[in-house]
Structure formats: structure tokens, C-alpha cells
Amino acid sequence: MKAMTILFSLDSNSLLNGAKSYESMIKNLVSEYNMSDVVEIIETGSFGFYGKGSVFQILPDDVYYIVNSTDELKEIFEEHVLKGRNVPKFLLDKEKLTLADISKLKETRIVLRNVGLIDPSSIEEYIGRDGYVALYKALKMKQTEIIDILKDSGLRGRGGAGFPTGLKWEMTLKSKNDRKYVLCNADEGEPGTFKDRLILEGDPHSVLEAMAIGGYAVGAQLGYIYIRGEYHNSIQKVQKAIDDAESAGLLGDHIFGSDFSFKISIRPGAGAYVVGDETALMESLEGKVGRPRLKPPYPTEYGLYGKPTLINNVETFANVPWIILNGSNAFKSYGTQRSKGTKVFSLIGNVNSKGVAELPLGSTLRELIYGFGGGIANGRNLKMVQTGGTAGTFVTPDKLDIPVDYESIKDGISLGSGAVLVIDDKNCAVDVAKKVARFYMHESCGKCTPCREGTRELYTLLDEISKGRGKTEYIERIKNLSQEIADTSFCGLGQSINMPILSLVDNFKDEFLGHIGASECPVGVCEFEKAKGKKQTVYKL
Amino acid sequence: MDKVQVLKERIREIESHQLEKGDMLLSALHATQELFDNSIPLEAAKAISDELDVKVERIYELATFYSMYSTKPRGKHLIRLCESLPCHVIEGPKITKKLKEILNVDFGQTTKDGLFTLETTSCLGICGVGPVMMIDDETYGNLTPEKIESIVQKYRGEES
Ligand SMILES: Cc1cc2nc3c(=O)[nH]c(=O)nc-3n(C[C@H](O)[C@H](O)[C@H](O)COP(=O)(O)O)c2cc1C
Ligand code: SF4
Ligand code: FES
């Protein structure tokens with residue numbers, strides 16, 4: 001152990017803030033001053049902070065600095081590293097900023113237990129924190145014992161649908177077939193959600209270990225991780241992890257000298273939101289167009305290549321090794337009566353500090369937005385929050401104190417993917433609705449008519465209103481139409497459209513009406529185009 | 001060696017990683033785009049069809065379904081601007097306007113010099129530093145109109 005350790009967070013978000021160049025600069029300085037024996041520089045995942053600038057931590061002093069230029073970095077190096085003095089002006093104010101607030105906020109790290117603490121490219125560091133011990137333990141257990149622990153833990157799917165994980169594993173085990181698959185859904189496409197990316201890039205081995213446990217528990221020898229094609233960084237990090245685990249004998253043939261063999265391969269996506277649906281994902285992996293299949297039969301029975309398949313989300317998997325190691329009771333001690341464990345929330349939009357926080361299920365939007373996020377940006381007022389991703393509901397500020405979990409949808413709050421999008425009062429509800437409708441129209445796979453044609457009509461109606469050409473009856477039509485699409489669509493994409501659209505229209509009806517027969521957008525966002533002959537298309541479809 | 005030949009060799013290498021039939025097809029299409037101006041032209045589709053034993057029609061179906069593929073040649077650099085709501089509410093429209101202005105194209109079009117094709121994308125999963133865009137495999141965050149200008153300049157500079 002060297003006298004001083006400097007931790008650089010190199011997840012996708014930090015990289016964009018220039019973390020890599022700061023890291024190389026520090027490395028150069030350290031060798032320039034012949035300090036390589038005393039200072040260690042370690043790359044790690046996210047610290048969960050995404051303000052302006054790049055953050056690093058110095059240990060054992062336990063201080064965090066935030067820098068915005070190489071000059072600032074140089075100053076910190078000269079003062080802190082060379083002379084051992086804090087440089088107060090660049091210190092991350094723990095009182096005001098994210099990191100301190102998380103601890104106030106009972107942040108619980110189950111899924112993110114290693115993210116930001118270890119070098120994700122080092123299998124040794126993962127092993128150093130009990131990595132692959134759960135797999136070792138599991139291989140000594142009966143398949144049903146593992147499944148019983150998961151069932152008892154109450155873990156439910158974190159990919160959006162919330163299906164009980166233990167039950168899914170049990171169903172896959174019970175489907176008899178000599179060939180089965182384990183599939184990890186890493187096609188994270190729900191707008192505003194980036195927790196899977198954070199896990200893949202910050203702690204890839206936790207997912208691999210869980211998939212291997214899953215393979216043993218359900219009787220599968222082959223696992224695939226389907227990663228979004230746009231996630232280049234994640235694909236590279238996971239590939240490195242697979243290679244290292246294979247060389248270490250933790251994946252591949254006869255794991256830990258047992259009879260169990262398990263291989264994992266990555267397959268990249270190619271850009272289609274609907275492929276996040278488990279059956280569409282299987283079609284896509286088979287090299288076909290990614291359109292959803294009819295269910296039942298469910299994947300546990302008829303999945304990839306028609307074989308029984310266990311499919312779970314990245315975050316769901318990342319919980320599994322922890323549960324095997326710590327037991328179901330430890331897991332159940334977090335969360336609410338009906339929703340156990342934690343959720344990784346992504347906080348985004350008009351909030352002071354955006355980022356990711358893992359909190360017990362049942363935490364409130366207020367804790368997230370004002371505790372973790374430091375409130376609304378630029379001194380504006382909160383207008384609404386969209387929870388759960390694009391398919392989630394919009395809620396008004398009076399709902400901030402309701403516990404968010406799998407049951408809170410009865411109060412109008414979706415848990416979904418855990419995205420929490422903060423929207424301030426300079427935004428217009430009609431413009432927001434139009435953006436949502438555009439997303440659905442764009443991502444509809446075209447397989448069924450209500451979704452294909454309905455989303456187009458919905459977009460057109462909202463577009464007309466946003467251009468000042470709306471009529472009062474459009475509003476009823478929008479409501480009825482989104483309900484019809486939801487009732488008659490083939491898959492979860494079309495079926496969810498009523499959630500965002502109805503919650504917007506119901507909560508902001510006056511604002512919608514305010515666009516009709518008016519001379520300008522009441523919020524000053526939409527550009528009205530009443531003038532004849534001046535036809536202008538802002539968006540190309 | 002002509003490009004089709006290079007592609008065929010590349011596909012054979014990719015096929016060696018195949019575990020089940022079809023599971024490397026999307027990867028083969030990604031590799032094709034790297035060789036053929038960010039697109040999948042007919043000659044390439046035919047080559048894939050021969051090598052992997054799938055119909056050309058199927059390759060076209062895939063190339064038109066998935067947003068990362070194109071059947072038309074695209075510019076040397078592909079700009080994908082995130083147009084999802086989380087980037088939209090934090091000044092996304094300003095970025096859209098600026099990009100269209102300095103490139104002088106609309107979404108789906110290629111600049112006259114063939115250097116850039118401008119496209120939109122759904123959320124790229126880096127909303128923590130939005131608004132964001134990708135140019136080829138590179139991601140750019142915390143975009144402002146000024147930053148857009150210097151980024152585009154950088155790519156233009158590499159040409160001259
Ligand atoms: C349109 C649509 C998109 C989806 N996108 C995702 C996704 O990006 N990631 C994910 O894990 N699940 C997604 N799902 C849910 C999956 O179908 C499936 O329920 C999930 O992968 C199961 O894993 P879990 O039980 O661990 O949550 C989506 C579902 C639908 C209908
Ligand atoms: S609901 Fe939409 S996305 Fe789903 S199958 Fe129908 S057209 Fe495709
Ligand atoms: S919404 Fe733009 S990256 Fe997520």
C-alpha cells in the first residue's frame with residue numbers, strides 16, 4: 001500500500017468532463033516528481049456526482065476535489081500532493097454537494113457496492129471485495145436452495161415490469177430442456193435512465209457473477225449480454241471482464257473445479273428502443289428485426305431460439321451476489337412492506353446536481369430532488385416530475401412526499417426504470433407532451449396498427465396545438481386516443497402511452513386549453529405558426 | 001484488395017465467434033458500415049448474404065429497422081444528437097438550432113462537403129451531462145452553442 005492514493009472516476013459521464021486528461025496529467029506529474037513509489041493512481045467508476053468539472057478523491061485524507069482546468073489541477077498537485085495542504089477553493093463542499101447529502105439520505109449500496117470504489121478493469125480488486133465468493137457458495141448449494149433465497153428476499157425485476165425474480169428463476173429451472181440460456185438485458189433505452197451503464201462500467205464482474213449463478217440455478221451453460229450498440233465504453237469494459245474471468249477460471253469450463261461450465265458472450269444492439277422488450281430482444285439477438293413476440297408462451301418456457309431462457313435486467317442481476325452472500329433477511333431489512341431492497345435512481349433535468357443514487361425502495365421524490373439533487377436549478381420553480389422513464393407518469397409538486405415503490409402507481413407515481421426527470425416552470429406541458437408523443441411515434445416498431453397509426457395521429461394533434469392551430473375538441477381526442485392505443489396495442493410500448501399522456505393532460509388541462517384560440521403559447525415555449533403561406537417544419541419526420 | 005473482399009474476410013472472422021445461427025448478424029452489419037461510408041450498400045449486402053447464408057431481403061429489413069444502420073451512404077462523420085425529453089428540457093432546442101445552423105443541413109441530411117451527416121437519436125444514457133451528442137464513437141456532453149462550434153471546427157480542421 002502506498003502512502004497516498006488518488007482515485008479518478010472514469011465512467012462515461014466523468015470522461016465527458018475531461019477526467020481522462022486530468023488523470024494522465026496527474027500521472028505525469030507524479031512521475032516527474034519521482035513520486036511513483038508513494039502515490040498510487042487508481043481508476044474507478046462513478047462517485048455519483050455530475051456537476052460541472054471533474055472529481056477525484058485523495059486517500060487517506062478523504063477529501064474530494066473538483067477541477068475545471070489543468071492549471072487548477074496543477075495547483076492542487078503542488079499544494080496537496082507535494083506539501084500536504086488542502087486547497088480549500090477546489091474542495092468539494094461535502095455539506096452542500098451530493099456526496100454528503102447521500103449519506104444524510106440513508107444511501108444504501110447493494111447494487112452499487114463496488115462502483116466508485118474499485119477499478120472496474122481489475123478482477124483482483126473485485127475479488128478483493130468478496131467477488132465471486134457468492135458463486136463459489138452457490139455452486140455448493142442445491143439449485144432450489146438458491147432459488148428459495150431469492151424468492152424469500154422479495155427481489156423483483158428492476159427493468160421496469162417488476163416481476164418476482166425468484167419465481168422467474170424457478171419457472172426457468174422447471175422448464176425441461178437440454179438447452180437453456182441466461183440473458184442479461186443491457187439494452188438500456190428508457191430515456192433518462194443510465195444506471196445499467198453505470199453498473200456495466202463501474203462493476204462489470206458483479207453482473208457476470210450473477211449470470212453464472214443464474215446459469216447454475218436454472219441449468220443453463222450459455223449466457224448472452226445484449227448491450228446497446230451505442231454503449232461502446234460499456235461493451236469494452238464488459239469484454240475485458242469476461243476475458244479476465246475466463247483466464248481466472250471463474251467463467252468457462254469446470255468453474256471452481258466443479259461440473260458446472262458457463263460461457264458468456266456480448267452481443268451489441270443496433271438502435272431500437274422496442275428491443276428492450278424481452279421478446280423483441282430475443283428476436284434481435286437471433287439476427288432478426290426486433291419486433292415483440294406474442295406472450296404466452298413466456299421466455300422461461302420458450303425464449304431465445306425457442307429454448308427456456310432466464311432474462312433479467314442488469315440491476316436485477318447486480319443484486320444477486322449480495323443477496324447470496326448476506327442472506328435474504330439482510331435484503332428484506334431495506335425497503336417497504338411490499339417492495340424490498342433498493343433502487344438505483346437516475347436524477348436528471350432541471351436540478352442542481354444530476355446523478356445516480358441508490359436508495360431504499362420507498363424513498364420520496366423530495367428526498368431525491370432536494371436532498372440528493374440540491375433542489376431546482378437556476379432558482380426556478382418545480383413544475384412537474386416524470387418518474388419511471390418516458391413510459392412513466394408526470395406528477396405535480398404536491399406528490400413529492402409519497403414513498404416511491406412498486407405500489408406507488410396507485411398514487412400515480414411510476415417506479416419503472418428509476419428515472420426521475422425534474423421539469424421546471426420555464427417548460428410547457430404541451431411541448432413536453434409533443435416530445436413524448438414523438439418518442440412513441442419514432443420508436444413504434446410498426447407491427448400493430450393502433451400503435452403505428454395512433455402514435456402518429458397523437459403527435460399530429462399535439463403538433464397542431466403547439467403551433468396555435470389546435471381546437472378544443474383535440475384535447476378529448478388526445479385523451480381517448482391514448483387510452484385506445486394503450487388498450488389495443490400488442491406490446492408494452494403501445495400499452496404504456498396512456499400513462500405519460502393522460503397524466504400530462506389531466507394535470508395541465510388549463511395550459512393545454514390556454515394554447516387554443518390564443519395568439520401565443522402561454523408559457524412562451526411553443527412557436528405559433530398562424531400566418532398563412534409561411535409553412536415551416538421544425539422537425540423532419 | 002477491394003472492399004468487398006475485405007468485408008468478406010472480416011465477416012469470416014466475425015462468424016468464428018458465432019455461437020448460434022444469426023447471433024453475429026448485427027455485428028456483421030456494424031462492421032460493414034465501418035467499411036462502406038457508414039452504410040450498407042447492395043454489394044455489401046450481397047457479400048453478407050453469401051457468407052452468412054441469409055437472404056438479401058432480410059439484410060435490408062434489418063438495415064432499415066435499426067436506427068444505427070443506413071442503406072444510403074452517409075457523411076464521413078455521423079453526428080447523433082440526443083432528442084429525448086431529459087436533454088430537451090435543459091436547453092436541448094438551442095443545441096438543435098445551432099447544429100443545424102453551422103452545418104447548414106436538417107436532420108437526416110449530409111453536408112455538401114460530405115463531412116457530416118446529422119441525425120437524431122433517443123437517449124444515449126449520459127443524461128447526467130446533457131445535452132449530449134455522439135460523433136462516430138465519441139460522446140460530447142454539457143453542450144452549449146459555443147462548444148458545438150469548437151467541436152465542429154475541430155473535425156473540419158482535421159480535413160485541411
Ligand atoms: C418497450 C419496452 C422496453 C423495455 N426496455 C427495457 C430495457 O431497456 N431494459 C430492461 O431491462 N428491460 C426493459 N423492458 C422490460 C423487459 O421486457 C423485461 O421485463 C425485463 O428485461 C425483465 O428483467 P427483470 O425482471 O430483471 O426486470 C422493456 C419492456 C418494454 C415493453
Ligand atoms: S405496440 Fe407498438 S411497438 Fe409494440 S408491437 Fe405494436 S407497433 Fe410494435
Ligand atoms: S436524454 Fe439525452 S442522453 Fe439521456
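Naming: A, B, ... by sequence-line order, numbering from 1 per chain.
Around NZ of Lys263(A), the count of heavy atoms belonging to other residues, nucleotides or ligands within 6.0 Å does not exceed 12. Under a cut-off of 6.0 angstrom, the local environment of NZ in Lys154(B) is crowded, with over 12 non-hydrogen atoms contributed by other residues, nucleotides or ligands. Atom CG of Asn378(A) sits in a sparse spot, with 12 or fewer heavy atoms from other residues, nucleotides or ligands closer than 6.0 Å. Within a 6.0 Å sphere centred on NZ of Lys447(A), heavy atoms belonging to other residues, nucleotides or ligands number more than 12.
Contact annotation for Asn427(A): only side-chain heavy atoms (C-beta onward) come within less than 4.5 Å of a heavy atom of chain B. Contact of Val275(A) with chain B is made through the side chain alone, with heavy-atom distances under 4.5 Å. Contacts between Ser346(A) and chain B at a heavy-atom distance below 4.5 Å are absent for every atom of the residue. Looking at Val351(A), there are no atoms closer than 4.5 Å to chain B (heavy atoms on both sides), in backbone or side chain. For Lys21(B), the part lying near chain A is the backbone, with the side chain staying farther off; criterion is any non-hydrogen pair under 4.5 Å. Of the atoms belonging to Leu285(A), heavy atoms from both backbone and side chain fall under 4.5 Å from chain B. Residue contact with chain B, scored on non-hydrogen atoms closer than 4.5 Å, involves the side chain of Leu222(A) exclusively. Only the side chain of Val274(A) comes within contact range of chain B, with heavy atoms under 4.5 Å apart. Contact of Tyr273(A) with chain B is not made at all, since no heavy-atom distance falls under 4.5 Å. Only the backbone of Thr193(A) comes within contact range of chain B, with at least one heavy atom under 4.5 Å from a heavy atom of that chain. For Glu138(B), no part lies near chain A; criterion is any non-hydrogen pair under 4.5 Å.
Between Ile126(B) atom CD1 and Ile348(A) atom CD1 the span is 12.5 Å, to the nearest 0.5 Å. With rounding to the nearest 0.5 Å, the separation of OG in Ser67(B) from CD in Glu230(A) is 6.0 Å. Put simply, OG on Ser122(B) and NE2 on His442(A) are 6.0 Å apart, with the number rounded to the nearest 0.5 Å. Taken to the nearest 0.5 Å, the CD1 atom of Ile266(A) stands 11.5 Å off from the NE2 atom of His17(B). Here the straight-line distance linking atom CZ of Arg438(A) with atom NE2 of His88(B) works out to 10.5 Å at 0.5 Å rounding. For the atom pair CD1 (Ile264(A)) and CG (Leu19(B)), the distance works out to 12.0 Å, reported to the nearest 0.5 Å.
Comment: Arg267(A) does not engage Glu20(B) in a salt bridge, judged by the lack of any side-chain N to carboxylate O separation of less than 4.0 angstrom.
Side-chain atoms of Arg228(A) and Met68(B), non-hydrogen and from C-beta on, never get closer than 4.5 Å to each other. Using a 4.5 Å cut-off on side-chain heavy atoms (C-beta onward), Phe65(B) and Arg291(A) make contact. The shortest distance between side-chain heavy atoms of Thr390(A) and Leu85(B) does not fall below 4.5 Å. Between Phe194(A) and Val129(B) the shortest side-chain heavy-atom distance does not fall below 4.5 Å.
Counting heavy-atom pairs under 4.5 Å between each of Glu190(A), Glu188(A), Gln386(A), Lys288(A) and chain B puts Lys288(A) at the top. Here Gly290(A) is the residue among Ala377(A), Gly290(A), Gly229(A) with the most heavy-atom pairs under 4.5 Å with chain B. Chain A forms the most heavy-atom pairs under 4.5 Å with one residue out of Val54(B), Thr121(B), Leu62(B), and that residue is Leu62(B). Top candidate by heavy-atom pairs under 4.5 Å with chain B, chosen from Ala272(A), Ser284(A), Gly349(A), is Ser284(A).
Closest approach of Cys123(B) and Gly192(A) over heavy atoms only: SG-N, 3.4 Å. The two residues Tyr66(B) and Val289(A) have their closest heavy-atom pair at OH-C, 3.8 Å.
Along residues 22-47 of chain B, the residues that come nearer than 4.5 angstrom to chain A, judged on non-hydrogen atoms, are Gly22(B), Asp23(B), Met24(B), Leu25(B), Leu26(B), Ser27(B), His30(B) in order of number.
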